[in-house]
Participant: 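Here you go, one structure.
Numbering of ligands and ligand atoms starts at 1, following listing order.
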Amino acid sequence: MQPILAVAAMGGTIAMTAPAPGAAAQPRLDAVDLVRGVPELGDLAAVLVTSVCTKPSASVEVADVLEALTWARAQVDDGASGVVVTHGTDTLEETAYLLDLLWDRPEPLVVTGAMRQADLTGTDAPANLLAAARVALATEARGRGVLVVLNDEIHLAVRVTKESSTALDTFASPGFGPVGRVQERRARFASPPAARPAPLPPPEAGPVDVALVEAPLADDGRVVRAVLAAGFRALVVDGSGLGHVSAATSQVLATAVADGVVVVVASRTARGGTGRATYGYIGSEAQLIEAGVLMAGELSGRKARLLLHVLLHAGYAGAELAAALEARARV
Ligand code: ASP
């Protein structure tokens with residue numbers, strides 16, 4: 001008997017075609033169209049499909065991700081060996097990470113997309129979908145949480161990022177590299193699955209009440225002050241280097257923490273993450289920690305924002321929140 005593969009479509013370039021010859025691409029394909037475009041899938045598995053949304057990925061909402069999660073769980077509980085979610089590449093790392101925080105099954109959940117739309121010569125859409133399916137059905141992929149597969153590379157959702165706005169090999173895990181590859185029609189992993197933090201309860205479907213801002217050169221703190229005035233429940237700042245902000249911004253952050261706002265500082269660099277005790281000047285990581293700011297470790301600011309959203313919804317606060325963040329900050 002063939003294994004069962006579940007495929008959920010969420011839009012993106014993999015689902016885009018031009019509405020007229022020469023026109024710019026728009027999301028137009030649903031899950032049935034995508035699967036129909038890859039007849040080899042039928043040799044691998046009995047394929048079940050759903051279309052969660054047909055959106056460009058910047059417009060994907062938490063509600064869409066939760067719908068995909070609920071469907072994926074139900075398919076696995078009904079016997080599916082693995083799940084593939086197709087998604088726009090622009091925010092794919094965020095949806096994959098959010099799913100990874102919540103995925104509580106050993107079956108592989110693989111997120112894929114494409115850089116070249118489905119009606120372009122040399123599109124990577126069918127090859128990526130087929131590779132993702134091979135990984136989702138692989139026994140060796142079990143217990144690894146959510147994986148991202150494009151360009152025949154397999155990445156952990158927690159590490160992966162989109163590095164190029166145009167290149168086919170855009171996805172990378174800076175500082176780590178892929179955990180595996182699809183070669184000769186097989187998923188091959190470099191090492192066995194590592195221990196993963198416990199899955200978290202899904203948040204309610206609603207807006208993300210955690211702001212994300214960058215702390216650039218010559219930042220006088222006005223942007224952070226304005227964001228705080230907008231009433232966000234928590235704030236993530238993409239700091240420079242080991243997690244640094246200007247002296248002016250550090251003052252604003254210290255006041256916010258004293259007022260009860262949860263503040264997390266991430267590093268805007270691609271590798272290495274935030275520090276703890278290397279620098280002690282005003283605006284440094286050590287001084288921010290002293291003021292009660294939490295550090296995102298190796299998580300990017302955009303992933304720290306989603307983690308904070310989930311933790312706050314789950315009721316984490318104070319020392320428990322800090323410990324839960326710390327447990328997930330080294331990836
Ligand atoms: N450029 C995007 C993609 O590659 C569009 C999107 O993210 O929806 O899928």
Participant: Considering all heavy atoms of both residues, which atom of Ala141 and which atom of Val135 are nearest to each other, and what is their separation?
Facilitator: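 Heavy atoms only, the tightest pair is CB-O, 3.3 Å.
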Participant: Take Thr89 and Lys162 through the test side-chain hydrogen bond (donor to acceptor under 3.5 Å, both in side chains) and record every step on the way to the result.
Facilitator: CA-CA 7 Å; Thr89 59; Lys162 181 175 178 173; 2.8 Å; yes
Participant: Do His244 and Tyr281 have their ring centres less than 6.0 Å from each other?
Facilitator: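 Yes.
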Participant: Taking only heavy atoms of Gly12, which atoms of ligand 1 are found under 4.0 Å from at least one of them?
Facilitator: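 The atoms of ligand 1 under 4.0 Å from a heavy atom of Gly12 are 8 (O), 9 (O).
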Participant: Would you say Ala114 contacts ligand 1, with heavy atoms under 4.0 Å as the rule?
Facilitator: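 Per 4.0 Å heavy-atom rule, Ala114 contacts ligand 1.
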Participant: Only one of Arg159, Glu153, Arg188 clears side-chain contact (heavy atoms from CB on, under 4.5 Å) with Val179; which?
Facilitator: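 For Val179, the side-chain contact (heavy atoms from CB on, under 4.5 Å) check succeeds only for Arg159.
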Participant: For ligand 1 and His87, I'd like to know whether there is a polar contact (N/O to N/O, distance under 3.5 Å).
Facilitator: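 No, there is no polar N/O contact under 3.5 Å.
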Participant: Check ligand 1 against Ser57 and write out every atom of the ligand that is under 4.0 Å from a heavy-atom position of the residue.
Facilitator: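 Answer for ligand 1: 6 (C), 7 (O), 8 (O).
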Participant: Which distance, rounded to the nearest 0.5 Å, do you find between the CZ of Arg181 and the CG of Asn151?
Facilitator: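 CG of Asn151 is found 9.0 Å from CZ of Arg181.
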Participant: I'd like to know if Glu40 pairs up with Arg134 as an ion pair, taking the criterion as any Lys NZ or Arg NE/NH1/NH2 lying under 4.0 Å from an Asp or Glu carboxylate oxygen.
Facilitator: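 No, no charged N to carboxylate O under 4.0 Å.
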Participant: Quick test of your reading of the structure: of Thr86, Val60, Thr89, whose heavy atom lies closest to atom 4 (O) of ligand 1?
Facilitator: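 Selected option, by shortest heavy-atom distance: Thr89.
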Participant: Looking only at distances, can you tell me whether any N or O atom of Thr91, backbone or side chain, sits closer than 3.5 Å to an N or O atom of ligand 1?
Facilitator: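 Among all N and O atoms of Thr91, none is under 3.5 Å from an N or O of ligand 1.
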Participant: What about Lys55: any of its N or O atoms under 3.5 Å from an N or O on ligand 1?
Facilitator: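 Min N/O separation from ligand 1 is not below 3.5 Å for Lys55.
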Participant: What atoms of ligand 1 come closer than 4.0 angstrom to any heavy atom of Thr13?
Facilitator: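 Listed by number with element: 1 (N), 2 (C), 3 (C), 4 (O), 5 (C), 9 (O).
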